[in-house]
K.L.:
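Handing you a structure now.
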Amino acid sequence: MSEFTSDSRDRLIESILSYVPIEGWSDAALQLGGHQIGMAPATVISCFPSGVRDAVKYFSHWADRRMSDVMEDSNFSTERVSQRIIYSVEARLRILDPHKEATRRCLSWFTVPPNTVLGLRLLYHTVDDIWHGIGDHSADFSFYTKRGLLAAVLGSTILFWVEDSSTDCEETSAFLERRIDDVMQIHSVRQRVNKLHENTVRPVRVLRAAVEKRYGRPFKGDNRVT
């Protein structure tokens, strides 16, 4: 696949997308898309050796790249994290909007058991791009927590969006904001619990240190010092 540039694959996937609503994600859609841009059947196969699986994967990465480009061109460094996330998710949905039926067909394709794992991997890739794009480079335990929470938000929002017929997808925007608010509340509660834990543990540590210093031996929680 290295002999083909991203531009040639981009042209191919964009052409394929016009046939997916009719043909579904199928070899027929791939070949029709290739024929439309004058690409030989063998070349289409060379671009996507694994057929539909490679095409679906490329479609997701294609949308991720365009989303990342929008994020890079945006000056939202002063915005709250929640607003940056909303902006990024909505940017991706705008990119997919002309291909809503192709996206719907893609989601259906992911429900087939052999394809589900790929769907989860692609979702994670999108979420990871969003976090990096808004400037989050955490490497601690919160790295996984943040991505897990956002994956749930993004997944449910896309499912809502494909069925949304409101003007400018206003209902999807409202749905996304509610989901983000829920996540922020969870994060806020966790911070308060962590702070409470710190305030509770520290006096115990101080007492333990004092006892050990007074008696010159380790203090064990349930042992009485006499």
Side-chain angles (χ1 to χ4, degrees), residues 1-34 39 41-71 85 88-133 136 143-164 172 176 179 183:
M1 293 179 68
S2 58
E3 63 187 282
F4 300 99
T5 65
S6 293
D7 286 343
S8 62
R9 288 198 183 85
D10 284 357
R11 287 194 308 115
L12 177 55
I13 200 66
E14 288 164 13
S15 180
I16 289 169
L17 287 171
S18 64
Y19 291 98
V20 171
I22 301 170
E23 302 290 341
W25 284 94
S26 63
D27 291 334
L30 270 59
Q31 289 299 335
L32 286 169
M39 186 176 286
T43 306
V44 173
I45 294 173
S46 296
C47 282
F48 300 133
S50 296
V52 172
R53 185 177 184 83
D54 277 349
V56 167
K57 187 189 302 183
Y58 196 85
F59 172 46
S60 182
H61 292 327
W62 172 87
D64 288 344
R65 281 190 285 111
R66 276 154 180 71
M67 175 191 69
S68 295
D69 289 342
V70 173
M71 294 168 71
I85 291 175
S88 303
V89 173
E90 290 187 334
R92 196 174 196 276
L93 294 180
R94 285 194 298 271
I95 291 163
L96 294 175
D97 193 62
H99 315 292
K100 182 175 279 192
E101 183 57 33
T103 303
R104 188 200 310 274
R105 296 284 190 116
C106 193
L107 295 175
S108 296
W109 189 84
F110 287 139
T111 63
V112 179
N115 307 327
T116 303
V117 173
L118 175 61
L120 293 174
R121 287 175 179 168
L122 294 175
L123 176 62
Y124 177 86
H125 187 279
T126 301
V127 166
D128 196 47
D129 279 357
I130 291 174
W131 278 115
H132 282 295
D136 182 88
F143 176 96
Y144 301 100
T145 303
K146 290 175 180 177
R147 280 152 181 76
L149 290 172
L150 183 52
V153 170
L154 180 59
S156 61
T157 300
I158 291 175
L159 289 172
F160 187 96
W161 168 77
V162 295
E163 302 297 337
D164 185 7
T172 296
L176 174 60
R179 296 291 76 75
V183 168

K.L.:
Please test Val183 against Leu150 for side-chain contact (heavy atoms from CB on, under 4.5 Å), starting from the C-alpha separation and ending with a verdict.
P.N.:
CA-CA 8 Å; Val183 168; Leu150 183 52; over 6 Å; no
K.L.:
Does the Arg147 side chain pair with the main chain of Tyr124, one donor and one acceptor, at a distance under 3.5 Å?
P.N.:
no
K.L.:
Would you say that Trp62 contacts Glu14 through its side chain, given a criterion of any heavy-atom pair below 4.5 Å between the two side chains?
P.N.:
yes
K.L.:
Answer yes or no: does atom CZ of Arg121 have more than 12 heavy-atom neighbours from other residues, nucleotides or ligands under 6.0 Å?
P.N.:
no
K.L.:
Measuring from His132:NE2 to Ser68:OG, what's the distance to the nearest 0.5 Å?
P.N.:
10.5 Å
K.L.:
Do the non-hydrogen side-chain atoms of Arg104 and Glu163 ever get within less than 4.5 Å of each other?
P.N.:
yes
K.L.:
Go through the steps to decide whether Glu101 and Val20 satisfy the test side-chain contact (heavy atoms from CB on, under 4.5 Å), and finish with yes or no.
P.N.:
CA-CA 8 Å; Glu101 183 57 33; Val20 171; over 6 Å; no
K.L.:
Is any side-chain heavy atom of Cys106 closer than 4.5 Å to a side-chain heavy atom of His99?
P.N.:
no
K.L.:
Specify the closest pair of heavy atoms between Phe59 and Leu96, including all atoms of both residues, with the distance to one decimal.
P.N.:
CZ-CD2, 3.6 Å
K.L.:
Just so I know, are the side chains of Ile85 and Lys146 near enough to count as touching, which here means a heavy-atom distance under 4.5 Å?
P.N.:
no
K.L.:
Kindly indicate whether the side chain of Ser156, heavy atoms from C-beta on, has any atom under 4.5 Å from the side chain of Arg179.
P.N.:
yes
K.L.:
Identify the heavy atoms of Ser60 and Thr126 that sit nearest to each other, and give their distance.
P.N.:
OG-OG1, 4.2 Å
K.L.:
Parallel under 30°, tilted from 30 to 60°, perpendicular over 60°: which one fits the rings of Phe48 and Tyr58?
P.N.:
tilted
K.L.:
Would you compute the distance between atom NZ of Lys57 and atom NE2 of His125 and round it to the nearest 0.5 angstrom?
P.N.:
10.5 Å
K.L.:
With side chains defined as the heavy atoms from C-beta onward, is the minimum distance between Arg92 and Asp64 less than 4.5 Å?
P.N.:
yes
K.L.:
Rounded to the nearest 0.5 Å, what separation is found between the CZ atom of Arg53 and the CG atom of Leu118?
P.N.:
4.5 Å
K.L.:
Check Leu123 against Ala151 and note the closest heavy-atom contact, atom names and distance.
P.N.:
CD2-O, 3.8 Å
K.L.:
Between the side chain of Ser18 and the main-chain N/O of Ser15, is any donor-acceptor distance below 3.5 Å?
P.N.:
yes
K.L.:
Under 4.5 Å between any side-chain heavy atoms of Phe110 and Leu120, yes or no?
P.N.:
no
K.L.:
Please lay out, stage by stage, how Asp54 and Arg9 fare under the test side-chain contact (heavy atoms from CB on, under 4.5 Å).
P.N.:
CA-CA 11 Å; Asp54 277 349; Arg9 288 198 183 85; over 6 Å; no
K.L.:
So, Trp25 side chain and Leu30 main chain: donor-acceptor pair closer than 3.5 Å or not?
P.N.:
no
K.L.:
Would you indicate whether the side-chain heavy atoms of Ile130 and Val89 approach each other to under 4.5 Å?
P.N.:
yes
K.L.:
Can you list the residues that meet the side chain to side chain contact (heavy atoms under 4.5 Å, CB included) rule with Thr172, with sequence neighbours excluded?
P.N.:
Leu93, Thr157, Phe160, Trp161, Asp164, Cys169
K.L.:
Where the side chain of Asn115 meets the backbone of Trp109, is there a donor-acceptor pair that is under 3.5 Å apart?
P.N.:
yes
